[in-house]
Amino acid sequence: MKKLMLGNEAIARGAYEAGVHVASSYPGTPSTEITEFIAKYDEIYAEWAPNEKVAVEVASGAAIAGGRALSAMKHVGVNVAADPLFTMSYIGVNAGLVICVADDPGMHSSQNEQDSRNYAVAAKIPMLEPADSSDCRDFVKEAYKISEAFDTPVMVRLTTRVAHSQSEVELFPREAVPVRDYQKDAAKHVMVPANARPKHVIVEKRMADLAEYNNTASVNRVEMKDKKIGFIAAGIAYQYTREAFPDASILKLGMIHPLPTKLIEDFVKAVDVCYVIEELDPVIERQIRAMGLDVKGKELLTEIGEYSAGMLREKLGGDTTPVSYSVDEDIPVRPPVMCPGCSHRGVFYVLNKLKLAVSGDIGCYSLGCAKPLDSIDSIICMGASISGLHGMEKARGREFAKKSVAVLGDSTFLHSGVTGLMDMVYNKGTSTVIILDNSITGMTGHQDNPATGKTIKGEPAKQVDLEKLCHAIGVDLVTVADPFDVTTFEKVLREHLAAEEPSVIIAQRPCALLKKAGYTGCCTITDACKNCKMCMKLGCPAISMTENGPVIDSTLCNGCGLCKNICKFGSIVDVTR
């Protein structure tokens, strides 16, 4: 049986067919759907962990205990997971352990463009890179065989285009893989220095053995055609290359670390000129050049952003006949905006009004940096809003703390903001933190988290009480406030800023896209409007300005009522659709 599948769905199918027992991940575009699809298989225990470090630790524990395990994350998530990842390279596995990482060339939904292949090299872990959905299914299954044969975690790298593209996948039944026996083995599993030193020797030998294995591995493929020009490529870069140069010879790499040196050497010598095609860093190219082979690559191509077949044709002398058309008209840009009824809009309206310095964080509320809300001053990484603000206060003093706040979502707070808050309290900071509690992990598509009271499979679970958690950390001043009651919210915020102690405001209102938000109907602007344009300061996409004044688009408005709350003339009223 065959089925059209997203790359992420095919990864999940590969895990199912490989007999995986445990999957633990943290959502992050473009990797999120991997674990969402895995959760649909009752045979696999699946969970959302609070962050990627915990997810890899859970998967590692499962693998040590004898169950095949998987953890998935986006590229910046590997930064968070690096601690257990590097040590698991030394420990190895009992049952197979696969770490799926999805890179984001072009930064469609990311704060940087890092190349996760560098992690595989640094951690001395083999990495496979599929080029389509069929590869995704096949490579995951192969990864478990490699993991158990070579006693190592295995990384599988996707990029946005592979993760979110569809192609045909043949389906096979699930392999009945029993949980392996567990035995105490401190020399293998306890990485104190005395055990880790001999393990490093084993890791180096393992990498040499893997390189030899890779020379004949089925995941690599030589497509020998015209020998005047050859290409070495993997993943989506292979697809672009094959489209741009259909008659050229291509070495399609499946395992990109360690490289199949003999296979590469033979291919390079078999063609007149050889190009290495890879998005982002010259990871493959550097290693091939270190082998003393003459290849061309980044001197002709960029290390920035995504490639395309058209770009390769243009840069490398292929057929440049246009395959697309452009419009000469100037088309206005369409920047992303928070949804109509977004629970965060009221917070940023008040922050902008008070002209506060705002240490921001990663989430859909990052859009608070855009005009007209124009509120966020800095965004570093998950959870850094709190610790970053604490550093700002220590650099500039208490007077700065009176005019600044940190903002982050409930999921982000549990991911890595809790430790920042502990640091602030322990080291006598006095700053104010606003937790934007919209009852869900919003940016990645409404995943549950420890504060929602539901598991990934929708089962009831213990719910973290954010207010009690903040008190337990040592924050005495904690207030829950509705961000749409802008008058009261501003009053609460001013009180917190004036307090000579660390404080937390929990801005609590469900995401507008959740049923429990309860929005119905819509609003309209009446003739009582004075054209003061206060409603335009909200940046709501349902409100626009015409020559006759502001109007509300009834097809976009959900009746949240925030605009009513800030109109001083009562000119905005509810209407029934």
Side-chain angles (χ1 to χ4, degrees), residues 1-20 23-44 46-48 52 55 70-78 98-110 116 127-144 154-174 219 233-240 242-243 252 254 256 279 306-309 441-448 456-458 513:
M1 177 181 174
K2 294 183 178 181
K3 182 181 178 182
L4 200 62
M5 283 186 169
L6 287 173
N8 282 344
E9 183 180 4
I11 292 283
R13 181 68 193 188
Y16 167 76
E17 292 181 7
V20 167
S24 181
S25 306
Y26 183 81
T29 306
S31 73
T32 304
E33 297 89 355
I34 293 173
T35 311
E36 289 181 328
F37 279 114
I38 285 177
K40 295 180 180 181
Y41 295 110
D42 293 336
E43 296 88 343
I44 304 176
E47 68 173 33
W48 288 127
E52 294 86 355
L70 180 143
S71 184
M73 63 205 69
K74 69 182 296 176
H75 61 292
V76 288
V78 188
V98 172
I99 312 297
C100 295
V101 52
D103 285 3
D104 191 18
M107 294 179 282
H108 298 283
S109 57
S110 307
S116 296
M127 176 179 271
L128 308 182
E129 183 168 358
D132 58 21
S133 298
S134 182
D135 274 358
C136 286
R137 191 279 317 277
D138 293 342
F139 284 17
V140 167
K141 295 172 74 172
E142 186 66 22
Y144 282 101
V154 177
M155 299 180 76
V156 176
R157 181 202 189 220
L158 297 91
T159 56
T160 300
R161 298 304 179 185
V162 174
H164 288 164
S165 294
Q166 290 184 319
S167 61
E168 192 175 70
V169 177
E170 188 169 0
L171 306 185
F172 294 95
R174 177 174 169 86
V219 293
I236 196 64
Y238 161 79
Q239 302 287 12
Y240 298 149
R242 174 49 71 214
E243 181 180 342
K252 176 182 179 291
I256 57 175
E279 292 178 327
E306 291 185 294
Y307 286 6
S308 68
T441 307
M443 183 173 66
T444 49
H446 285 186
Q447 291 76 34
D448 284 292
I456 190 174
K457 297 195 176 187
L513 300 180

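Predicted, not measured: the structure shown is a model, and the values here were computed from it. Throughout, residue positions are numbered sequentially from 1 according to the sequence presented.
In this model, a donor atom of one side chain and an acceptor atom of the other lie less than 3.5 Å apart for Thr35 and Ser25. Defined by atom type and a distance below 3.5 Å, a donor-acceptor pair is present between the side-chain atoms of Ser110 and Asp104.
Although no hydrogens or angles enter the test, the distance criterion places no donor-acceptor pair under 3.5 Å between the side chain of Ser133 and the main chain of Glu168.
Using a 4.5 Å cut-off on side-chain heavy atoms (C-beta onward), Glu129 and Asp103 make no contact. The shortest distance between side-chain heavy atoms of Asp42 and Lys457 falls below 4.5 Å. Side-chain atoms of Tyr26 and Met73, non-hydrogen and from C-beta on, never get closer than 4.5 Å to each other.
When every heavy atom of Lys252 is checked against every heavy atom of Ala131, the shortest pair comes out as CE-CB, 3.8 Å. Pairing each heavy atom of Ile44 with each of Ile38, the nearest pair is CG2-CG2, 3.7 Å. Considering all non-hydrogen atoms of both residues, Trp48 and Asp448 come closest at CD1-O, 3.5 Å. In terms of heavy-atom proximity, Glu279 sits nearest to Tyr307 at OE2-N, 2.8 Å. Of all non-hydrogen atoms in Val78 and Val101, the two that sit nearest each other are CG2-CG2, 3.3 Å. Annotation for Pro130 and Arg157: closest pair CD-O, 3.2 Å, computed over non-hydrogen atoms.
Checked for salt-bridge contact, Glu43 and Arg174 miss the test: no charged N lies under 4.0 Å from a carboxylate O.
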Show me the donor-acceptor pairs, under 3.5 Å and distance only, between side chains in residues 4-18 and residues at least two apart or in other chains.
| unit_1 | atom_1 | unit_2 | atom_2 | d |
| --- | --- | --- | --- | --- |
| Asn8 | ND2 | Pro30 | O | 2.8 |
| Asn8 | ND2 | Glu33 | OE1 | 2.8 |
| Glu9 | OE2 | Lys3 | NZ | 3.2 |
| Arg13 | NE | Glu17 | OE2 | 2.8 |
| Arg13 | NH2 | Phe172 | O | 2.7 |
| Glu17 | OE1 | Lys141 | NZ | 2.9 |
| Glu17 | OE2 | Phe172 | N | 2.8 |

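Taking CG of Leu70 as the reference point, atom CD1 of Ile99 lies at 7.0 Å (rounded to 0.5 Å). Rounding to the nearest 0.5 Å places OG1 of Thr159 at 11.5 Å from NE2 of His75. The OG1 atom of Thr32 sits 12.5 Å away from atom NE2 of His446, with the distance rounded to the nearest 0.5 Å. Rounding to the nearest 0.5 angstrom, the gap separating the SG atom in Cys136 from the CG atom in Leu158 is 4.5 Å.
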- Verdict with reasoning, Val154 to Glu142, per side-chain contact (heavy atoms from CB on, under 4.5 Å): CA-CA 10 Å; Val154 177; Glu142 186 66 22; over 6 Å; no

